[in-house]
Amino acid sequence: MMDALLTWYDQHSRDLPWRRNPDPYRVWVSEIMLQQTRVEIVSPYYQRWLELFPDLPTLARASLEEVLKAWEGLGYYSRARNLHRAAQVVMDRYDGELPSDPRALQRLPGIGRYTAGAIASIAYGLDVPTLDGNIRRVLARLFNVVEPVRSSQGERLLWELAASILPAGQAGAHNQALMELGATVCTARNPGCGRCPLAAACPARLLGVQEQRPVSQARRALPHYTVTAAVIHRDGLVMITQRPVEGLLGGLWEFPGGKQRPGEDLVDCLKREIYEELGVDIQVQDVLGVYRHAYTHFRVTLHAFHCTLANGDSPRAIQVNDLKWVEADELGNFPMGKIDRQIAKTLQDSI
DNA sequence: TTCCGGGTAT
DNA sequence: ATACCCGGAA
């Protein structure tokens, strides 16, 4: 049955940038980018990344700022920080050679069980299984797994299944074939069972429950926050601040501000936040824009305002990592998350 | 407009 | 168990 899968993959594998010249560094970069992110989004980022950081030593020598800038827009920025840090570890501890042993790989920052299995099998030809969202879905259907796949029991079962169907000597192609099948045929919605090489052997399909596999838990409702941000102008420059390196949007630049408290109006909220973070009083002027965005576990509506300093005091980096006064034209040089990039664009377009 | 998908670290 | 982002489908 798995022969049918490999034959199918031979004929249907997409020509993706990281499949052309798959050295371990490239496989690694592609796998980190592909965590939580679709192929179509990753492709252009991957190609730019390889121009900027063509090999592991180049990445290790780069600054965190350059790395975050290259990652801007991809989300989950700890992936970029960990990739950068791991490259430095590989230089120090492994003489610049990415290890092939899955356990050694998994000790590197940002590499978990999935990525370790993917690199070991794809880049080094080791006979090890791996399990990502695509493979999880394919196997849940192919073995009609009724356990919720994210439960510890479900996870254990799926890893066992992944190991049990591994063809000796072809784990790399096999793992990629399962992922490709999940991405292009055995999709979460409207699966293409009619063109699936495994359809005849698929119990979920035979039972007509393919759309109900994998079984997943319901999401909790996301809280919604109203937040404010200040574009503080002085002498033709605007101020940006850098977020702490850990946590949400870690190390990225933004327009300072924060969450509105119950009973507080937007202007008071912004004045308070700026005083707390930067130790200065501001005057809040016109609205620059209103932006909506969803993060992993909350949504925000952000109100951005043009602002000026209320007196001669200079802002100090109290609750922020760093602050800078920059020309609107230079804003593109600083890594930012989605919302702040939109604010910066609004600002640049208005000048 | 809401909903959904997707690995690692702690 | 929970934090972490964004794009695309419904």
Side-chain angles (χ1 to χ4, degrees), chain A residues 27-45 68 70-86 89 102-103 105-119 129-141 148-152 154-155 158-159 162 175 178-180 182-184 186-192 211-225 227 243-252 254 290-302 335-342:
Chain A
V27 171
W28 177 32
V29 170
S30 70
E31 291 302 340
I32 300 295
M33 286 188 172
L34 288 163
Q35 291 171 6
Q36 316 291 78
T37 315
R38 293 179 166 77
V39 161
E40 315 82 68
I41 309 293
V42 165
S43 285
Y45 279 90
L68 287 174
W71 201 271
E72 180 180 309
L74 267 185
Y76 289 103
Y77 297 91
S78 65
R79 292 182 294 166
R81 299 195 303 272
N82 285 335
L83 187 53
H84 184 224
R85 212 147 48 85
V89 172
R103 281 172 310 180
L105 285 166
Q106 228 180 304
R107 269 182 246 121
L108 294 169
I111 300 185
R113 197 172 175 189
Y114 159 72
T115 307
I119 294 173
T130 193
L131 186 68
D132 74 340
N134 283 315
I135 299 181
R136 195 174 274 121
R137 186 172 56 254
V138 171
L139 296 185
R141 289 172 178 164
V149 289
R150 306 309 309 220
S151 69
S152 50
E155 282 288 296
L158 286 163
W159 275 100
N175 288 336
L178 284 174
M179 292 191 263
E180 191 79 351
T184 63
C186 194
T187 48
R189 279 171 295 207
N190 309 316
E211 304 254 21
Q212 280 79 58
R213 304 287 178 272
V215 176
S216 57
Q217 295 109 309
R219 272 193 193 207
R220 289 211 315 269
L222 300 183
H224 177 270
Y225 303 121
V227 304
R243 298 178 62 91
V245 225
E246 299 300 327
L248 185 74
L249 304 170
L252 299 193
E254 67 178 1
V290 180
Y291 308 84
R292 274 162 243 286
H293 195 68
Y295 295 91
T296 310
H297 51 292
F298 61 92
R299 304 170 185 288
V300 295
T301 300
L302 180 149
M336 292 181 171
K338 265 294 154 185
I339 288 198
D340 288 275
R341 180 54 66 213
Q342 284 180 260

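Being a predicted model, the structure only gives us computed values, none of them experimental. Here is the naming used below: chain letters follow the sequence lines, and residue numbers restart at 1 for every chain.
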How many whole angstroms separate atom [atom1] of [X] from atom [atom2] of [N]?
X: A:Gln35; N: C:dC4; atom1: CD; atom2: C1'; answer: 12 Å
X: A:Gln217; N: C:dT2; atom1: CD; atom2: P; answer: 11 Å
X: A:Glu254; N: C:dC5; atom1: CD; atom2: C1'; answer: 15 Å

Could you say whether A:Leu131 or A:Glu246 is positioned toward the 5' end of DNA chain B, judged by the nucleotide with the nearest heavy atom to each? A:Leu131
Would you indicate what [X] reaches in the nucleic acid, counting non-hydrogen atoms under 4.0 angstrom: base, sugar-phosphate, or nothing?
X: A:Arg292; value: sugar-phosphate
X: A:Arg81; value: nothing
X: A:Thr115; value: sugar-phosphate
X: A:Ile32; value: nothing

Kindly say if A:His297 contacts the phosphate of C:dC4, meaning a side-chain N or O under 4.0 Å from OP1 or OP2. yes
For [X], side chain to side chain contact (heavy atoms under 4.5 Å, CB included) partners two or more places apart:
X: A:Ser30; result: A:Trp18, A:Leu34, A:Tyr46
X: A:Pro214; result: A:Arg137, A:Ala140, A:Val149
X: A:Thr301; result: A:His224, A:Val290, A:Arg292, A:His303
X: A:Arg243; result: A:Leu248, A:Leu249, A:Glu254

Counted 5' to 3', the first and last nucleotides of DNA chain B within 4.0 Å (strictly under) of a heavy-atom of chain A are B:dT1 to B:dA9
Passing option when A:Tyr76 is tested against A:Thr296, A:Asn82, A:Ile32 for side-chain contact (heavy atoms from CB on, under 4.5 Å): A:Thr296
For [X], all residues meeting salt bridge (charged side-chain N to carboxylate O under 4.0 Å, His left out), sequence neighbours excluded:
X: A:Glu155; result: A:Arg136
X: A:Arg189; result: none
X: A:Arg113; result: none

Please enumerate all protein N or O atoms sitting under 3.5 Å from an N or O of nucleotides 6-10 of chain C, with distances to 0.1 Å.
from: C:dC6; atom 1: OP1; to: A:Tyr77; atom 2: OH; distance (Å): 2.7
from: C:dC6; atom 1: OP1; to: A:Lys338; atom 2: N; distance (Å): 3.2
from: C:dC6; atom 1: OP2; to: A:His293; atom 2: NE2; distance (Å): 2.8
from: C:dG7; atom 1: OP1; to: A:Lys338; atom 2: NZ; distance (Å): 2.8
from: C:dA10; atom 1: OP1; to: A:Asn190; atom 2: ND2; distance (Å): 3.3

For A:Glu31 and A:Tyr114, which I'm curious about, is there any donor-acceptor pair between the side chains at under 3.5 Å? yes
